[in-house]
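Only one structure is covered here, and it is reproduced in the block below.
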Amino acid sequence: MATTSPVLAGPPGDCCVTGVKHTGEPVGREITIAEVKTYISEPPANYQGSKKVVLFFPDVYGPFFINSRLLQDYYASRGFTVLGIDYFFGDPIHLHTEENFDRPAWFTKYRALAAEIVPKWVKAVREQYGNDTKYSAVGYCFGGPFALEIATTNDVVASAFAHPAFLNEDHFTKITKPLLLSCAETDATFPSESRRRAEDLLAENKATYHVQVFSGVTHGFALRGDPEIENARWAKEESARSIIDWFIRFSV
């Protein structure tokens, strides 16, 4: 969608397609919602709390990449049903290892497809899980705009993002729901100048927000940080803890 609003987070670059593949045993499974494959991870069987759902808008690796599945499983372990939409329809960027891969064309194609399918998917999720459920949304990189756009509606009680892409000033001036910004000290896609401008816009609009900035990490840290490096591991884990605690705060 065309916009004249100043850009704050640009398109994904090389930093968005690099990182460390994590290890672990995912506990979720694949389902289909609104004809879109979706990763679902559910709370522990003995969970007794209220119904809560996290809408997980993944980065360019998609919701079925091991790192994303393990992160969604962690959110589920905290009492949420987590739903990760595959708006890449089985064609995540890391599968493209060909020399002549046209990355800009890939982004153009899936930005358009995602923009078309996300509203239908969200509507179907809400129909399936009901109006008495508390919904939150988190977006990583490519998924950042969706977490902000839904924060302008009553479909969620709170939103969050980590190292976002494709954002402009309007994304921050129009939100009406609480927003957590989980940011890297070094991020060519969402640089410090853009982050500070976003903070100013949120403050000017008296939004409810929280900003965290992790030193010594770069774009992608919250999903693909190296767990063998203590600072990277801590930043990744603290980002996840902060995001799910943010959602718990507004899901009472």
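These values consider heavy atoms only, across backbone and side chains, with no hydrogens, waters or symmetry-generated copies. Throughout, residue positions are numbered sequentially from 1 according to the sequence presented.
Salt bridge annotation for Arg29-Glu42: present, with a cationic side-chain nitrogen under 4.0 angstrom from a carboxylate oxygen. Taking a cutoff of 4.0 Å between a charged side-chain nitrogen and a carboxylate oxygen, Arg195 and Asp187 do not qualify as a salt bridge.
In this structure, the side chain of Trp246 does not engage the main chain of Ala160 through any donor-acceptor pair within 3.5 Å. At distances below 3.5 Å, at least one donor-acceptor pair connects side-chain atoms of Gln72 with backbone N or O atoms of Ser68. The closest donor-acceptor contact from the side chain of Ser136 to the backbone of Ser159 lies at 3.5 Å or more, if one exists at all. A distance-only check finds no donor-acceptor pair linking the side chain of Tyr61 to the backbone of Phe64 [under 3.5 Å].
Atom CD of Glu98 has more than 12 heavy atoms from other residues, nucleotides or ligands within 6.0 Å. More than 12 non-hydrogen atoms from other residues, nucleotides or ligands lie less than 6.0 angstrom from CG of Asp132. A 6.0 Å sphere centred on CD of Gln48 holds no more than 12 heavy atoms belonging to other residues, nucleotides or ligands. Annotation: Lys51, atom NZ; neighbour count of heavy atoms from other residues, nucleotides and ligands within 6.0 Å is above 12.
The aromatic rings of Phe146 and Tyr87 lie tilted to each other, with the angle between the two planes from 30° to 60°.
At least one cation-pi condition fails for Arg111 and Phe142: the charged atom is not both under 6.0 angstrom from the six-membered ring centre and inside a 45 degree cone around its axis. A cation-pi arrangement is absent between Lys236 and Phe221 under the rule of less than 6.0 angstrom and at most 45 degrees off the ring axis.
The ring of Phe56 has its center closer than 6.0 angstrom to the ring center of Tyr140. For Phe190 and His219, the ring centers sit 6.0 Å or farther from each other.
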